[in-house]
Amino acid sequence: EAERHLRRAVALRREVLGNDNPDTLAAQEALAWLLVGGLRNFGEGETLSRETWQTRRQVLGAEHPDTLDSMDTYTTALGSQRKYAEAEPLLRECVQARERVLGKEHSDTLISLGNLGMLLQERGDPAGAERVYRDVMERRTRAGLGDKLESFSYYNNLGIALLLQGRLEESAKVLVEGRARAQHVLGSEHHQTLHIQHVLARVLIVSGRLDEGEALARETLDVRRRVTPGHEGTGRTLLYLGRVLVEKNHLDEAEPLLRE
């Protein structure tokens, strides 16, 4: 329903105000972000966000905050389609512009910087991603944002980046710290806490700490079954628990979990 209303708003504003009017462009940006971030319609989202970004550059200027919003949406659409060679230089440019215009610790700057880390990780550069994630976490702490919900995703991201580099002890240490902090700030049953636990269980299992990994996976699964039974994260935890049971040769117990 949101998509229908936004499409109607864009059409009306184009007709009444014109294609270059800031209010028209604001509606286009809202629709582009819904397509990219909500509906995962990356192709149309790429086209609309590119059009909005280019028009805002002409109307508002290349470094206007609204222009940079559209630039960030456009790079997200590109990255979501694995068009990394196109997305990365634009995203780095967006980060640098936001640092100049908004400051290094502004929330929008940190969003773009975090997006850069994820793009690097997705294109196979976990070491580069690690550097970016650590930078984001340090800036968020300095800005007093360390206990905000968005900050906890970076424990996961950093833990995975370290895991992909084979640095298992460091990964587990980061995730143990993140889990404790999330439990204190968000609560033991918050989805972000459970996600950190899930990744930590994975790291423990890969490290050969099978009993610890199994126990944590069971704990995570019990809560997820109760709190978010149909969530995809519940399925992922089932998979990891099943795998560790297979590795421990507990096949009769693993089979129903893997079938589930």
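All residue numbers in this chain count up from 1 along the given sequence.
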Shared ILVMFWY cluster between [X] and [Y], side chains joined below 4.5 angstrom?
| X | Y | result |
| --- | --- | --- |
| Val95 | Met118 | yes |
| Leu91 | Tyr133 | yes |
| Trp33 | Leu60 | no |

For [X] and [Y], does a side-chain donor sit closer than 3.5 Å to a side-chain acceptor?
| X | Y | result |
| --- | --- | --- |
| Gln28 | Arg13 | no |
| Arg181 | Tyr155 | yes |
| His198 | Thr220 | no |
| Thr193 | Gln183 | no |

Kindly give the heavy-atom pair with the smallest separation between [X] and [Y], and that separation in Å.
| X | Y | value |
| --- | --- | --- |
| Ala77 | Ser49 | CB-OG, 4.4 Å |
| Thr67 | Ala62 | CG2-O, 3.6 Å |
| Leu25 | Asp20 | CD1-O, 3.8 Å |

Should the pair [X]-[Y] be classified as a salt bridge under the 4.0 Å nitrogen-to-oxygen rule?
| X | Y | answer |
| --- | --- | --- |
| Glu93 | Arg57 | no |
| Glu214 | Arg218 | yes |
| Asp69 | Arg98 | yes |

Within-4.5 Å side-chain heavy-atom neighbours: Asn115 and Thr75 = no

query = Taking everything shown except Arg82 itself, do over 12 heavy atoms lie less than 6.0 Å from its CZ?
reply = no

